[in-house]
Enquirer: 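Below is one structure. I have some questions about it.
Below, read A as the first sequence line, B as the second, and so on, with proteins coming before strands; counting in each chain starts at 1. Just so it is clear, the structure is predicted and the values come from calculations on it, not from any experiment.
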Amino acid sequence: MAEFLNSIIPNVMSKPDLLWKAVVETMQMLLISAPISFLLGLVLGVTVVACKPGGVLQNRFVSLVVGKVIDLFRSIPFILLAIIMLGLSRLVIGTASGVKGAIIPLLFGTVPFFARQVESAMSEVSPGLVEAAASMGCSPWDILWRVYLKESVPGIVRGGTITLVSLIGFTAMAGAIGAGGLGNFAITYGLRRQMDVAYTVIIIILIMVSIIQAAGNRIAEKATH
Amino acid sequence: MNVIKLDHVSKTFGSEDTGVHAVQDVTLHIAPGEIFGIIGYSGAGKSTLVRCINLLEKPTAGTVTVDGRELTRMRSRELRQERKKISMIFQQFNLMPSRTVAENVAFPLKGTGLSREATAAKVKELLELVDLPDKAGSYPSQLSGGQKQRVAIARALASDPKVLLCDEATSALDPQTTQSILRLIKDINQKTGITVVVITHEMAVVKEICHKVAVMDGGHVVEEGAVFDVFANPQQPVTRSFIATTSNLSKIDELIAAGDPLVAVKTGEIVARLNYSQSNTSEATISEISRRFDVDVSIVFSNVEIIDGQPLGGLVAIISGDRVAEAIGYLSEKNVMVEVLKRG
């Protein structure tokens, strides 16, 4: 087995510890930024839906400001966003490199994206359900929690899956500006014509994406009645 | 003491000048235990009006009082408490798709301090009331339209409301299912004494279950009264057109307009529409005039229905003989409304 691998991916087999380190770093970036992005994105998405005109906590000002801020960060290409955020990262986290340094840029990349996914999932909830809940004496918070969020679980799971997959892409790009991880590994060695390194990284990421997508589909399916 | 009092209620969407005046100066008083119908064509403002009762639409003018408490002056927290006494069912049922039937019925019970066991018992009881005891674990997507509306009714009754608002509750259902849902609403009304407000565009629904009816047109209530009186003595054109939809007596107008041989009359003959406005339908007025005035009466159409326990209806007949005028006079004396449609 080892011989076979040596023959097809010699440049990977010559540094297995570095590959393993890269995998661990990518997993760390995902495991830290995904839950935080999920929470912040959910809060922002719910805020947009609740505050938009006709929403249960209608507030034109909040809805406008939050919407524009989301649009602003979504319109900056991630590689630029990551560079712009280096300063903020240094200020808040204390470093702009490594896994720690990648967290702030990753959050700014994924939170606005996921917020829009949440908003779009929640907008699918029929206004009739909201009206029915209001007629039963539900408060705006009840309606957000027991109707909007409860009924949009499948949509939010699907949006979360898409976001997680794009987050993997972001970690690879963050690697290019010194965050480490699989992206960094592939760029460092792949650019030196060790193409087997690049292909190996692609296959590992493909496996991660497939697992996430399959799990997401399954959960969404289970939540749909 | 009226359980629902709407006084000079208006609702305008948009600005006063250019906006839509959906409801204009409506005053309605509804007594406890009554089934009150509000009928109108689409756009007449009836759905907006019913939403003014639980303040899902806040009236732009006027006051709404339910069960002695004026909703229009309440703050939102207080209003939410009052809404638990005013349940509503909808044309599109509005069940929560991600919750089972039992969870949907239990939805309004959350936060009422009822224990898990008490909630389960109540849900079971309600599902038995609406005749769906074995559907507790099903999801709404697995139910038929009629079953969904039964679940919605169970959910509406969970908070022990004083008032049940039905917004076109049978408009998405087939005729048989409509009948069974209306029967269920009537049963519940008789058993619990709950006050029911029925919004509909179908006169058949009003005829089937309502005690009183208000007719809406262009945001106004144009006619109101006991269902029998309104049917027997419609005052407004819009009311007449609703009644025409449930009776075949208006077909004669088409036949006459088309010059149908069925209504061809010779000299001295007339085509007349007789309406029994008092509850004297059972009296043998036709054979009476035939004997007394020596006229021949040939019935073209007849339509008699039981409304709110009383017979109501009429017939279209060709009357011939020398003493037709006297016969008509006699009928009028007997409180039969006679409309002469065509003279020979």
Side-chain angles (χ1 to χ4, degrees), chain A residues 42 45-46 49-60 62 117-118 120-161 216-225, chain B residues 47 50-51 53-58 71 74 76-101 103-112 137-143 148 151-152 155-159 161 163-168 172:
Chain A
L42 204 60
V46 170
V49 172
C51 295
K52 72 180 173 195
V56 290
L57 293 168
Q58 186 173 326
N59 185 320
R60 196 175 291 258
V62 172
Q117 299 278 349
V118 170
S120 126
M122 288 174 72
S123 302
E124 296 289 307
V125 173
S126 146
L129 298 185
V130 177
E131 188 180 43
S135 80
M136 289 184 247
C138 285
S139 68
W141 290 109
D142 274 341
I143 292 174
L144 286 175
W145 188 251
R146 297 182 65 203
V147 182
Y148 270 119
L149 283 176
K150 168 87 181 167
E151 295 304 328
S152 51
V153 166
I156 291 176
V157 169
R158 280 191 205 96
T161 308
N217 288 348
R218 211 189 146 90
I219 298 171
E221 216 169 276
K222 284 225 158 188
T224 309
H225 297 289
Chain B
S47 278
V50 77
R51 279 164 178 71
I53 297 178
N54 58 6
L55 255 68
L56 283 179
E57 295 292 357
K58 209 170 161 38
L71 305 187
M74 283 184 184
S76 45
R77 180 184 296 265
E78 209 181 343
L79 178 63
R80 288 201 289 272
Q81 282 308 313
E82 291 304 311
R83 277 189 186 150
K84 294 182 200 283
K85 292 194 231 157
I86 313 168
S87 283
M88 192 165 184
I89 59 174
F90 305 85
Q91 179 172 6
Q92 295 306 327
F93 322 120
N94 292 342
L95 298 176
M96 309 291 165
S98 72
R99 294 174 192 264
T100 63
V101 164
E103 287 165 348
N104 266 288
V105 176
F107 190 94
L109 295 173
K110 199 182 171 193
T112 53
S138 305
Y139 283 93
S141 60
Q142 299 163 318
L143 304 180
K148 283 181 195 166
V151 175
R155 177 176 72 177
L157 297 175
S159 54
V163 173
L164 177 64
L165 307 176
C166 309
D167 183 22
E168 298 277 10

Enquirer: Relative to chain A, which segment of B:Phe107 carries a heavy atom at a distance below 4.5 Å: side chain, backbone, both, or neither?
Expert: both

Enquirer: Just by modelled atom types, is the A:Ser135 backbone N or O under 3.5 Å from a matching donor or acceptor in the B:Asn54 side chain?
Expert: no

Enquirer: Please output the side-chain donor-acceptor pairs of residues 216-224 of chain A that fall under 3.5 Å, not counting sequence neighbours, one pair per line with the distance.
Expert:
{"unit_1": "A:Asn217", "atom_1": "OD1", "unit_2": "A:Gln213", "atom_2": "NE2", "d": "3.2"}
{"unit_1": "A:Thr224", "atom_1": "OG1", "unit_2": "A:Ala220", "atom_2": "O", "d": "2.7"}

Enquirer: Identify the heavy atoms of A:Met136 and B:Pro108 that sit nearest to each other, and give their distance.
Expert: SD-CG, 3.6 Å

Enquirer: Does A:Val46 have any side-chain contact (heavy atoms from CB on, under 4.5 Å) partners at least two apart in sequence or in another chain, and if so, which?
Expert: A:Met122, A:Leu144, A:Leu149

Enquirer: Taking side chain as C-beta onward, heavy atoms only, is B:Met96 less than 4.5 Å from A:Arg146?
Expert: no

Enquirer: What distance do B:Lys84 atom NZ and A:Cys138 atom SG have between them, rounded to the nearest 0.5 Å?
Expert: 6.5 Å

Enquirer: Using non-hydrogen atoms only, which part of B:Ile86 is less than 4.5 Å away from chain A: side chain, backbone, both, or neither?
Expert: backbone

Enquirer: Would you call A:Glu151 and B:Pro97 a side-chain contact if the rule is heavy atoms closer than 4.5 Å?
Expert: yes

Enquirer: Counting only heavy atoms closer than 4.5 Å, note whether B:Leu79 contacts chain A via side chain, backbone, both or neither.
Expert: neither

Enquirer: Which region of B:Ser87, side chain (C-beta onward) or backbone (N, CA, C, O), has a non-hydrogen atom less than 4.5 Å from a non-hydrogen atom of chain A, or is it both or neither?
Expert: neither

Enquirer: Given that the side chain runs from C-beta out, which part of B:Arg51 has a heavy atom under 4.5 Å from chain A: side chain, backbone, both or neither?
Expert: side chain

Enquirer: Enter the distance from A:Glu131:CD to B:Gln92:CD here, rounded to the nearest 0.5 Å.
Expert: 11.5 Å

